[in-house]
Structure formats: C-alpha cells, structure tokens
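Notes follow the structure.
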Amino acid sequence: MKASETKATLSFSNGGQNVELPIYKGTMGPDVIDIRKLYAQTGMFTYDPGFMSTASCESAITYIDGDKGELLYRGYPIEQLATNCDFLETCHLLLYGELPNATQKAGFTKLVTNHTMVNEQMQFFLRGFRRDAHPMAIMTGLVGALSAFYHDSTDITNPKHREIAAIRLIAKMPTLVAMAYKYTIGQPYMYPKNDLSYAGNFLHMMFATPCEEYKVSPVLERALDRIFILHADHEQNASTSTVRLCGSSGTNPFAAIAAGVACLWGPAHGGANEAALNMLHDIQKAGGVDKIGEFIKQVKDKNSNVKLMGFGHRVYKNYDPRAKLMQETCKEVLSELGLENDPLFKLAMALEKIALEDEYFVSRKLYPNVDFYSGIVQRAIGIPVPLFTAIFALARTVGWIAQLNEMIGDPEYKIGRPRQLFEGSPKRDVQPIAQR
Ligand code: SDX
C-alpha cells in the first residue's frame with residue numbers, strides 16, 4: 001500500500017485536540033484511513049459492528065467491486081477463470097499468485113493427487129456421529145481432527161509447513177466430504193483414484209461403490225470443477241475473517257480451517273445454498289410459480305423473518321458475477337441431463353425475474369448471489385441438499401488457506417484482538433448471599 005497525499009483530520013466539537021490520520025491507497029478499490037494510532041492519541045475506539053466500513057487487513061488475493069459486480073482472483077476476472085482454467089490451476093493462482101504453466105500445473109496436480117488419502121484412523125471419528133448427522137457437523141469435526149495427524153507441519157511460521165498443510169487440506173477435503181456423505185447413507189467409503197481429475201475423483205468417491213464403478217460424465221465433472229472455481233475465494237467474508245482471526249493466535253492451519261468450516265455453515269453465509277433450495281422446494285410444494293407473489297409478500301413483511309435465500313450480499317450491490325455463471329452452468333447441466341424443464345430451475349428463474357422487478361429488492365439492491373443457483377446444479381448432479389455447504393467448504397478451503405498464509409507470511413501481523421463499547425454495570429461490591 002502507498003501513502004496518499006491527502007490526510008484525514010479528526011476534529012472534536014468539544015474542543016479536543018485534532019488528530020491527523022494517514023490515508024493509504026491500494027491498487028484498486030476504496031482508500032483506507034489508518035486508525036491504528038487512534039486509541040493511543042484519543043483514548044477512543046472506532047465503532048463498527050459487522051465491519052460495514054472496516055478493512056481488517058491488506059491483501060493481494062481477491063478483489064471485489066460490489067457496484068460493478070466484478071470479482072478478480074489475483075487480477076483475473078472470474079468469468080475468464082471459470083471458462084479457461086480448471087480448479088487446480090485456480091488453486092495454484094490463489095496460493096502462489098500466478099497461473100501455472102504446463103510443467104507447474106503437472107507438478108502441482110501430482111502433489112495434490114498424492115495427498116488425497118486420509119490416515120486410516122480418520123474413519124473412526126465418523127462412528128461417533130448419528131447416521132443422520134448434518135455433513136457440516138461431521139466436517140467441522142473431521143477438519144479439526146486433521147491437526148492430530150500432521151505434527152510435522154503445524155509450525156505456521158515455517159513456510160514449508162504452511163505449504164504442505166495447504167496441499168494436504170486442498171487434497172483431503174474431497175475425500176472427507178465424500179466420507180461424510182457415505183457415512184450418512186450407510187455405504188462404505190471409496191478410496192481416491194489417482195488417475196482421475198480433482199472433480200472426477202470427488203464424483204467417484206461420492207457415487208462409486210465397491211460393487212460398481214462410477215463412470216464420470218465429463219459434463220458433470222466440468223460443472224463441478226466450475227462450481228469449485230466459483231467458490232474458491234471471496235475477499236474478507238465472514239468465514240475467511242474467522243480463519244484469519246483464528247490463525248492469528250498461532251494455532252495450526254487445520255484448526256483455523258475448521259473454524260472457517262464452522263462459520264461457513266450459517267444460513268446467512270455458506271448455508272444459504274441449502275436454505276435456498278429448501279425455500280424453492282417449499283414454494284414448489286405450496287403451488288409453484290403461482291405462489292411466488294404470496295412468498296414475496298411474506299419476505300417484505302419484517303415480522304415474518306422470511307428472507308429470499310440466495311439473494312442479497314454485503315458487498316455486491318449489483319448482480320453477483322458468480323450467480324450469472326452458476327445460472328449458465330445450470331442450463332448446461334440440465335440440458336445435458338435432459339432436464340431443461342426442471343420445475344425448480346424454472347421456479348428459480350421466475351422468482352428472480354419477479355424479485356428484480358419489485359421495488360423492495362431494487363431499492364435495497366438485492367440481487368441473486370452465488371448461493372441462489374448453486375443448489376439447483378448440485379441437485380441435478382445428484383448431490384444431496386445437506387451436502388451443498390460441505391461442497392462450498394471443500395472449494396473455499398484454498399481461499400481460506402491462501403488468506404491465512406498471506407497473513408502469517410506478513411512479518412508485521414499481530415494477534416487479532418478487537419475492543420468494545422462497554423454498556424454493562426459500573427463497578428459494584430459482592431453482597432453476602434443473605435443480602436442479595
Ligand atoms: C455468501 O461475504 C461474502 O462474500 C459471502 C459469500 C462468499 O463467497 O463468501 O459471498 C457467500 O455468504 C453469500 C450470501 C448468502 N446469504 C444469503 O443468501 C442469505 C440471504 N441474504 C441475507 O441474509 C443478506 O443479504 C446478507 C447476510 C447476505 C447480507 O446482509 P447485510 O449486508 O447485513 O444486509 P442487511 O441484512 O442489512 O440487509 C439490508 C436490507 C434489510 O432491509 P431493511 O432493514 O433495509 O428494511 O435488505 C434486506 C434486509 O432485511 N435484505 C433482504 C435480504 N437480504 C437483505 N430481504 C429479503 N431477502 C434477503 N435475502
């Protein structure tokens with residue numbers, strides 16, 4: 001970052017001393033006012049619940065322009081990556097800052113492929129769960145449990161440890177998600193196969209059984225690979241900020257990523273894809289397109305607590321570019337599967353059209369986000385609804401670890417420790433119980 005000529009001057013109406021605050025510019029996007037010295041100079045904190053106006057760090061990984069609906073990974077537009085690259089190339093880009101050439105791609109792919117198996121002991125963690133456990137409950141446990149197996153790579157101050165932990169996490173997430181799925185349907189786990197692609201291997205571990213091979217459809221393989229690319233990273237969202245804050249204590253990367261998994265589960269965040277599909281199912285069951293008006297009315301009624309899941313975003317005040325690409329992927333997969341008339345997809349497009357013409361959504365700049373269509377394409381691929389967020393976590397792992405490594409790799413990083421505006425009781429003395 002570089003200092004800008006302009007400074008910010010904070011003045012106080014009670015005649016307090018003015019405070020000069022430096023302003024810094026990044027490559028793109030809003031400048032920042034550096035308030036690090038504010039408390040020392042004024043004895044006051046800033047106040048920004050939900051971090052609506054706060055930059056928590058500087059980063060070179062992902063840039064979002066919410067007004068333009070633009071998303072860049074290391075400068076490359078998501079539209080170009082989703083059509084010209086595959087997920088492992090995108091992982092290389094996010095981790096190392098550059099797209100790989102053919103030799104680098106082959107080496108990186110081999111590295112990831114050779115780390116897809118998990119320790120045989122991992123399977124015993126699943127036995128403690130009920131068979132109907134939510135896959136995200138299982139994933140939160142399994143990812144944290146990985147830290148018990150890799151004592152050789154949990155020193156995050158060692159760049160080599162950080163790199164091998166990144167490779168292990170990217171490589172093993174598909175295996176763990178497939179194990180979580182197999183456990184809930186009572187089928188045996190399938191081992192990864194090294195002759196399959198990253199997405200193909202995941203489909204194999206999900207849908208093959210010891211009795212029957214699963215023939216990977218290139219269309220589904222490509223669609224899933226694109227879904228992974230679209231979910232790979234997204235600046236300082238809630239789960240990425242959780243990973244950074246967790247990692248800032250110096251804990252091992254597996255524990256920090258497990259914290260990200262737990263945060264992503266929420267319906268306001270990664271859990272929205274599951275919630276969006278359930279919402280479409282409910283409208284379908286209630287009568288389909290004819291019931292959209294009634295549903296929208298409910299959404300606008302604040303007391304209903306009903307939200308249009310898969311809509312709205314803290315940053316995008318325009319169409320989420322990932323939602324557009326996801327809708328295209330929906331069309332490709334549904335037509336490939338002969339499901340062009342999939343009622344849920346038609347319902348989703350009708351719902352989107354009506355919402356985007358409704359003043360309530362237009363005035364609040366609520367557009368479809370990445371979660372609105374992702375459930376429809378995953379359902380078409382045969383992925384069960386409760387697994388959608390686990391697949392989001394699978395794909396986002398590379399973003400989490402790239403952001404964590406960027407933070408830890410900065411010698412200036414400190415443990416994150418926000419303060420508060422205290423509104424509790426003033427100091428008082430404990431009374432003996434007889435007098436309470
Ligand atoms: C993800 O941050 C990221 O980058 C996240 C993510 C990523 O890749 O990491 O992009 C992934 O989490 C996408 C978002 C998925 N969540 C959902 O689809 C759940 C539904 N969306 C909302 O919960 C909401 O839009 C949020 C949480 C996404 C954003 O909330 P904000 O920024 O805090 O906005 P807000 O709740 O203050 O909403 C502003 C207004 C409010 O109305 P008013 O108080 O002005 O009257 O818009 C309304 C909200 O009630 N509103 C909605 C709505 N989203 C916001 N009303 C109906 N349906 C919605 N979906």
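What you see is a predicted model; the values in this text were computed from it and never measured. Numbering of ligands and ligand atoms starts at 1, following listing order.
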Salt bridge check: are K25 and D31 linked by an N-O gap of less than 4.0 Å?
-> yes
Indicate the ring-plane relationship of Y367 and Y319, choosing parallel, tilted or perpendicular according to the 30° and 60° boundaries.
-> tilted
What do you reckon, are the aromatic ring centroids of F129 and Y183 less than 6.0 Å apart?
-> no
May I ask you to check whether H234 and H269 place their ring centers less than 6.0 Å from one another?
-> no
Quick one, list the residues around ligand 1 where some non-hydrogen atom comes in under 4.0 Å, by chain and residue number.
-> H234, N237, P267, A268, H269, A272, V299, K302, K307, L308, M309, G310, F311, G312, H313, R314, R322, Y360, R364, L366, N369, D371, F392, R396
When the ring centroid of F311 is compared with that of F372, is the distance short of 6.0 Å?
-> yes
Charged N to carboxylate O under 4.0 angstrom, R222 versus D86?
-> no
